[in-house]
Participant: 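Here you go, one structure.
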Amino acid sequence: MTGDILYELTDVRRSFRRGPAEVRAVDGIDLVIRSGEFVAIEGPSGSGKTTLLQLLGGLERPTSGRLSFAGSELSALGDKDLTRFRARDVGFVFQHFNLIPTLTAHENVLAALETGSLSRPERVARADELLDRVGLGERAEHLPSNLSGGEQQRVAIARALANAPRAILADEPTGNLDSTTSAEIIDLLAELAGSGVAVVVVTHADTVAERAGRRVRMRDGRIAA
């Protein structure tokens, strides 16, 4: 069930200079995302999907327009506050997992908790809890190289949930997985949305997008449908 407005974008634009040319990666987006929503962002390569996701995550700043999160204007935040927003309010999940290869599954999740205010025992317990939640409690002491692709992505999701974010932003989270494992990962993301977390997934896969509660199609930096 969806709740209060979390993201509100009004005429948001993000452009880049590429030599003498201006590239309008995001070109006038109006969008509202509520807590508990599961939103799929679709479109061909170069349509602006990933740039939009980076804007939502505070990894990029809009060139113009208004982008707010829970009523706070993100583009007005200083670098320190924006870093705090990325650490506390959003969790990122990527296609290539981005786990630290020399750390176990448990240590990868624990590393994401270092920026918080929990004590060491509380951090350890939280990491255990999250790995259990994604079904990897018995694999906690394994290195990424000893985990399957689906298991690595589950660790990445547990890590993204470390600081109880209000939004999960996932960029092609099933791109390196087989169809059965992809379905399991999407089930997990849908479950998170059901618990009140906003989940935004960039995907080329129709089987992924059709599971979302809302599909946003982009073309040439704009919302097409």
Side-chain angles (χ1 to χ4, degrees), residues 1-14 26-43 47-60 62 65-75 77 82 85-95 130 133-134 153-154 156-175 177 182-219 221-225:
M1 180 177 294
T2 57
D4 296 336
I5 292 175
L6 194 61
Y7 283 104
E8 188 168 10
L9 287 70
T10 304
D11 196 27
V12 168
R13 301 171 188 270
R14 182 68 171 106
V26 169
D27 193 16
I29 295 287
D30 295 317
L31 182 65
V32 168
I33 298 172
R34 295 179 177 273
S35 58
E37 267 202 288
F38 186 177
V39 180
I41 301 176
E42 305 173 82
S47 61
K49 306 185 303 300
T50 296
T51 300
L52 177 58
L53 201 71
Q54 291 171 337
L55 288 167
L56 295 176
L59 297 171
E60 297 275 0
R66 183 175 182 272
L67 195 171
S68 67
F69 180 89
S72 177
E73 177 64 46
L74 287 186
S75 59
L77 298 180
L82 204 56
F85 161 75
R86 290 193 296 264
R88 296 180 181 177
D89 291 308
V90 293
F92 298 94
V93 180
F94 303 98
Q95 177 178 351
L130 289 169
R133 183 174 181 181
V134 301
Q153 195 60 294
R154 286 175 180 270
I157 291 171
R159 180 186 59 189
L161 291 170
N163 295 305
R166 300 173 69 178
I168 292 290
L169 307 177
D171 194 356
E172 298 285 1
T174 64
L177 306 177
S182 295
E184 293 172 354
I185 294 300
I186 295 306
D187 284 344
L188 181 55
L189 292 174
E191 179 185 323
L192 292 175
S195 71
V197 179
V199 176
V200 183
V201 177
V202 161
T203 184
H204 282 100
D206 192 63
T207 53
V208 173
E210 66 186 9
R211 291 291 309 279
R214 181 155 55 114
R215 301 171 70 165
V216 176
R217 294 180 177 86
M218 291 187 67
R219 182 175 295 275
R222 301 175 182 175
I223 293 177

Participant: May I ask you to decide if P173's main-chain N or O and Q153's side chain share a donor-acceptor pair within less than 3.5 Å?
Facilitator: yes

Participant: Just by modelled atom types, is the F69 backbone N or O under 3.5 Å from a matching donor or acceptor in the S72 side chain?
Facilitator: no

Participant: State which residue, out of L169, L59, V26, fulfils the side-chain contact (heavy atoms from CB on, under 4.5 Å) condition with Q54.
Facilitator: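 Looking at L169, L59, V26, the match for Q54 under the side-chain contact (heavy atoms from CB on, under 4.5 Å) is L59.
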
Participant: Measure from the side-chain N and O atoms of D30 to the backbone N and O of D11, and report whether any donor-acceptor pair falls under 3.5 Å.
Facilitator: yes

Participant: State, yes or no, whether a side-chain contact exists between L9 and L56 at a heavy-atom distance under 4.5 Å.
Facilitator: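 Yes - at least one pair of side-chain heavy atoms lies under 4.5 Å apart.
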
Participant: Verify, without hydrogens or angle tests, whether E73 (side chain) and L67 (backbone) share a donor-acceptor contact under 3.5 angstrom.
Facilitator: yes

Participant: Quick test of your reading: applying salt bridge (Lys or Arg N to Asp or Glu O under 4.0 Å), list the pairs with at least one residue in residues 192-203, sequence neighbours left out, ordered by first then second residue.
Facilitator: none

Participant: Is the side chain of R215 donor-acceptor paired with the backbone N or O of E42 at a distance under 3.5 Å, no angle test?
Facilitator: no

Participant: Quick check against the 3.5 Å criterion: does R154 have a side-chain atom that pairs as donor or acceptor with the backbone of V134?
Facilitator: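 A pair under 3.5 Å: yes.
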
Participant: Any donor and acceptor pair, going by atom type alone, linking the side chain of E172 with main-chain N or O of H204 inside 3.5 Å?
Facilitator: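 Checked: pair present.
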
Participant: So does I41 get a backbone contact from the side chain of K49, meaning a donor-acceptor N/O pair under 3.5 Å?
Facilitator: no

Participant: Tell me, with the steps shown, if D89 and R166 meet salt bridge (charged side-chain N to carboxylate O under 4.0 Å, His left out).
Facilitator: CA-CA 5 Å; D89 291 308; R166 300 173 69 178; 5.1 Å; no

